[in-house]
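All values derive from a computational prediction rather than experimental measurement.
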Amino acid sequence: MVRTARTLPMTHTQSEDPRVSRLVRLTPANQGPKPAYSFTNSGQWHSDVRQTRSRLSTPLPSRVIVEEVCFPLKEEGGGGGRNGCFTEVVVADVCVLRTDAILELFGSSVNGFGFKNCDMDICMTFVDKKCEEMEQPQVQVQIIELLAQHLACNTDYERVIPITTAKVPIVKLKFSKTEMEADISLYNTLAKHNTELLKTYTHIDRRVQILGFVMKHFAKLFEIGDASSGSLSSYAYILMVIYFLQQRDPPVLPVLQELHPNPQRRPQRMVKEWDTWFFNDTSRLREMWPAGGKNKETIGQLLVQIFKFYTETFEFDKYVVSIRQRSPMTRLEKLWNSKCIVIEALTRKQLHLATEIGLGLPHPMREWIRPAAG
């Protein structure tokens with residue numbers, strides 16, 4: 001049985017100074033022989049996973065070493081800080097075409113889990129235009145194509161490509177000087193509410209953001225963080241981190257959708273028939289959530305435990321990863337019988353509709369994320 005917790009690349013290199021060894025592990029261009037566990041991405045590990053199993057007997061790293069890895073990854077984060085000026089540039093250019101356009105950032109660049117070089121996701125809406133009117137496929141395709149033609153004439157951008165066949169039509173573009181990339185979508189309002197929810201969780205406890213960075217970095221290194229290739233998206237990994245922290249005893253995070261003094265009178269905030277309400281008054285969090293601050297586990301302890309949780313404790317064949325309730329959610333009640341990893345989206349329809357994010361797992365995904373079959 002393959003244990004993900006034992007595949008973490010976190011032991012020291014031969015450097016005597018821990019700070020130097022930390023930098024070596026974080027440098028992809030590192031030369032010389034690679035240690036058993038290294039942050040250098042070795043594609044050989046994926047070409048033949050069986051060869052790595054001999055390394056899995058290495059003891060788990062100490063808490064100190066683990067935290068030396070976690071904190072530098074946190075320092076690499078902060079993708080949203082510099083994106084505001086780029087958004088202003090796009091806004092100015094788009095408003096030449098549509099003076100009623102409103103552009104807002106969403107996704108990892110502003111939700112607290114974005115690295116400095118992360119792409120920008122931009123939602124475009126229009127003043128006094130109803131969502132239902134603008135969601136018509138033919139309307140969106142027409143606007144996306146017109147927007148792409150307009151931006152392609154500007155030398156500030158390169159590779160401006162309209163993608164109208166996707167479920168959510170977008171314009172992909174790249175800034176010429178910085179090589180930063182951006183996706184512009186129309187009326188992706190649910191994603192904006194999801195962004196606010198994730199951002200609120202990062203404000204509750206600093207450990208949330210650090211663990212989120214580590215999980216995203218891990219998935220990227222082992223090439224199991226690309227939903228287009230059949231693995232889980234980075235968004236799904238963040239949901240797994242939040243769910244794990246909600247399930248700790250005592251919990252690190254509350255379930256914000258359940259924090260209301262009178263559950264029977266819990267308000268609703270309906271967007272596209274989905275209930276997006278959550279408790280967002282963090283100044284009253286201690287009052288509403290008495291368990292807050294009681295969990296004293298370190299970053300290193302939590303990192304080791306999250307891998308043990310998803311490889312040894314959580315039963316993927318019986319339960320759904322859902323951060324909107326602390327009690328277990330079964331696959332049976334959702335009528336999900338596939339063999340995929342199932343993660344419920346942040347927002348849900350008023351009654352029962354939810355989203356299955358993990359659509360399939362290639363061989364490397366099964367090896368690294370969950371115990372091997374048999």
Linked, directly or transitively: F106 and M134 (ILVMFWY side chains, under 4.5 Å): no
Point-to-point distance, once rounded to the nearest 0.5 Å, from CD of Q305 to CD of E297: 6.5 Å
Close side-chain approach of S176 to T155, heavy-atom, < 4.5 Å: no
Exam field: side chain N295 to backbone P251, donor-acceptor pair closer than 3.5 Å: no
V141 with L186, same ILVMFWY side-chain cluster at under 4.5 Å: no
Side chain to side chain, K216 and F115, heavy atoms closer than 4.5 Å: yes
Parallel, tilted or perpendicular: ring planes of F213 versus F113, cut at 30 and 60 degrees: perpendicular
Any side-chain donor near an acceptor of the partner, T330 and E333, under 3.5 Å: yes
Atom CD of Q138 with >12 non-hydrogen neighbours under 6.0 angstrom: yes
Shared hydrophobic cluster for V208 and I306 (ILVMFWY, side-chain gaps under 4.5 Å): yes
Heavy atoms from other residues, nucleotides or ligands near CG of N262 exceed 12 (cutoff 6.0 Å): yes
Heavy-atom donor-acceptor pair, Q209 side chain to T202 backbone, under 3.5 Å: no
Chi angles and distances behind the ring pair (Phe, Tyr, Trp, His ring centres under 6.0 Å) call for Y237, F218: CA-CA 10 Å; Y237 283 108; F218 172 87; 7.7 Å; no
Hydrophobic cluster identity match, V171 and I163, side-chain contacts under 4.5 Å: no
Where at least one partner belongs to residues 130-188, residue pairs that pass ring-ring contact (aromatic ring centres under 6.0 Å, His included), sequence neighbours excluded: F86-F175, Y157-F175
Single-linkage hydrophobic cluster V94~V89, side-chain heavy atoms < 4.5 angstrom: yes
Interatomic spacing from CD in Q325 to CD in E258 - rounded to 0.5 Å: 6.5 Å
Flag side-chain contact, heavy atom, 4.5 Å: L303 against I210: no
Minimum heavy-atom distance L97-L147, with the two atoms named: CD2-CA, 3.9 Å
Under 3.5 Å donor-acceptor, T195 side chain and G107 backbone: yes
Parallel, tilted or perpendicular, as decided by the 30° and 60° cut-offs, for the rings of Y243 and F314: perpendicular
Residue pair Q246 / Y201, side-chain donor-acceptor N/O under 3.5 Å: yes
Q142, CD: over 12 other non-hydrogen atoms inside 6.0 angstrom: no
T282 side chain vs L285 backbone, donor-acceptor pair below 3.5 Å: no
side-chain hydrogen bond (donor to acceptor under 3.5 Å, both in side chains) partners of R286, counting only residues at least two apart: none
NZ/NE/NH1/NH2 to OD/OE distance under 4.0 Å, R324 and D275: no
Euclidean distance, T200 OG1 relative to L253 CG, rounded to 0.5 Å: 11.0 Å
